[in-house]
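Heads up: the structure comes next, in structure tokens.
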Amino acid sequence: MLRRAARGPADGGGIVNDDRIRRLVIVGGGTAGWMAAAACARVLGAMPGLEITLVESEEIGTVGVGEATIPQIVLFNALLGIDEAAFVRATNATYKLGIEFIDWVRPGHHYIHPFGFYGLDMMGIEFHHHWLKARALGDPHPLDDYAISVVAGRTGKVLRPRPDQPKSPLSKLAYAFQFDASLYARLLRGIAEAGGVTRIEGRIVDVAQNGESGLVEHVTLTDGRTIAGDLFLDCSGFRGLLIEQVMKAGFEDWSRWLPCDRALAVASERTDDWTPLTRSTAKPAGWQWRIPLQHRTGNGYVYSSAHVSDDEAAASLLAGLDGAPLGDPRPLRFKAGHRKACWVGNVVALGLASGFLEPLESTSIHLVQSGIARLMTLFPTRRPDPVAIARYNELSVREYVDIRDFLVLHYCATERDDTPFWDYCRTIDPPEGLRAKIKMFRASGRVFREHNELFTETSWLSVMMGQGIAPQGYHPAADLLADEETLARLAHLRAIVADTAAKMPTQQEFLRQEGSLADVPLARAS
């Protein structure tokens with residue numbers, strides 16, 4: 001509650017907040033819980049009287065598998081003041097320049113969705129319109145030849161961006177990480193506890209609500225202890241202990257567009273192939289991921305249980321490994337969609353508790369990160385503001401919708417008709433927003449980024465071209481350059497990109513130069 005002081009300070013008065021959140025309780029650990037704990041400690045830790053508590057149970061465990069991320073993770077780590085080399089060592093991480101898609105359009109076809117940009121914008125329009133013009137003139141070179149992330153990535157090269165060299169392709173480079181999620185959670189736990197967060201071990205067996213307001217007052221553990229709070233962050237995973245079981249938020253089911261409902265995850269022995277790309281290979285009833293870490297390789301098969309049995313999926317996953325498995329595949333069951341409200345009363349859901357979109361474009365950790373950022377912006381008092389809550393939920397749903405449409409694009413824009421699963425995907429009626437994007441791109445090569453959505457024009461361009469959606473035209477301004485000049489400029493750009501990539505170090509060389517090689521793989525290799 002805000003009140004104006006009866007007698008303000010010397011500057012003439014002000015607003016005094018006497019209803020601040022005093023007790024912030026995070027339910028669940030894992031990546032989501034410790035990301036929230038570390039960020040809250042960093043941003044809010046100095047608030048007078050604020051206590052941050054995280055409750056987790058070792059009995060329950062977490063989903064934690066090898067995680068691939070997108071470039072926004074770099075900003076989150078910077079917010080926490082994490083030294084990058086130390087982070088890479090601590091999480092057995094590798095660098096990632098994009099995602100490689102194999103067999104998605106048809107067997108034998110592949111493309112890369114890069115981080116960063118293609119070419120160089122010219123004549124006030126995006127580069128790809130000049131590339132489309134060159135293609136119309138008979139130039140055979142693919143769009144990939146103009147992206148430093150693609151050319152470097154497919155040859156195993158890595159380097160940090162060089163914004164201080166605006167004329168170099170390195171200024172267009174962007175990167176993320178592939179790391180062990182359990183080790184990342186451990187690192188974040190150390191940061192959070194150093195920032196004053198208290199961890200309580202225990203399993204929650206009861207939740208008490210206020211009889212009038214419906215707000216959560218406290219949770220009760222198996223040993224009878226109660227943990228009271230003013231604001232609760234639900235990081236309890238798929239079960240949504242608070243947001244769904246208690247607050248009854250409801251769930252929006254998107255299975256008709258994203259039919260995969262299960263996954264099997266297994267680690268395998270590391271190989272010498274540390275290509276800085278997450279690999280997604282289409283399978284008869286879904287797709288298989290490959291995430292190379294320093295100490296092992298993360299693998300998984302995301303599939304539709306309506307089109308393949310669990311045993312068949314496990315056999316297919318194990319047959320597709322490039323190293324010996326380090327255990328049995330671990331099963332996960334899920335439903336694509338999101339809570340109808342991610343914030344209800346004094347409960348905010350983060351991570352899997354707020355919804356699930358398969359990790360096809362490595363967005364899982366980003367959704368935690370963006371949820372935390374929205375919460376920091378709209379952080380409440382002990383009297384939840386319906387306007388702020390509505391805004392939070394509106395933005396959350398919008399982000400889920402934007403990512404959903406991008407994922408559905410991979411499935412519906414395919415030529416595959418070789419299995420019932422791909423027949424279903426190929427004939428999906430796309431959501432309205434996706435349908436409009438495809439229609440515009442096919443007609444003119446234009447891509448619009450709506451309301452600062454997560455995926456940029458470059459990402460949409462990459463996947464639409466990669467999935468075989470061919471534009472029938474290009475921006476008229478591309479013809480302001482003479483044909484010969486267009487072809488000459490593109491040849492020059494290709495040469496610069498290829499030369500720059502050739503001079504970059506390999507992933508292993510770069511990690512060694514940065515002092516980022518983890519101790520475990522070094523010990524195993526010795």
(Q) Under a plain distance cut-off of 3.5 Å, with no hydrogens placed, do E399 and H366 share a side-chain donor-acceptor pair? (A) yes
**Q.** From F251, Y400, F334, residue fulfilling ring-ring contact (aromatic ring centres under 6.0 Å, His included) relative to F356
**A.** F334
Q: Could you check whether the rings of Y411 and W104 sit parallel, tilted or perpendicular, using 30° and 60° as the cut-offs?
A: perpendicular
Q) Roughly how far, to the nearest 0.5 Å, is the SG atom of C235 from the CD atom of E56? A) 10.5 Å
Q) For the side chain of E453 and the backbone of E450, is there at least one donor-acceptor N/O pair under 3.5 Å apart? A) yes
(Q) Looking at W422 and K283, would you say the former's side chain and the latter's main chain have a donor-acceptor pair under 3.5 Å? (A) yes
Q) Angle class for the W287/W289 ring planes (parallel below 30°, perpendicular above 60°, tilted otherwise)? A) tilted
Q) Would you find a donor on one side and an acceptor on the other, under 3.5 Å apart, between the side chain of D261 and the backbone of S304? A) no
(Q) Any side-chain to backbone donor/acceptor pair from Q508 onto D272? Under 3.5 Å, distance only. (A) yes
Q.
Any side-chain to backbone donor/acceptor pair from R435 onto D429? Under 3.5 Å, distance only.
A. no
Q) Are any of the side-chain heavy atoms of R189 and L54 separated by less than 4.5 Å? A) no
Q: Provide the closest heavy-atom pair for I21 versus L50 in the form atom of the first, atom of the second, distance.
A: O-CD1, 3.5 Å
Q. Going through the checks in order, is the ring pair (Phe, Tyr, Trp, His ring centres under 6.0 Å) test met by F179 and F87?
A. CA-CA 10 Å; F179 55 71; F87 155 76; 5.7 Å; yes
Q. Should the pair F455 and H113 be assigned to parallel (<30°), tilted (30 to 60°) or perpendicular (>60°) ring geometry?
A. tilted
Q. Do the non-hydrogen side-chain atoms of H338 and S354 ever get within less than 4.5 Å of each other?
A. no
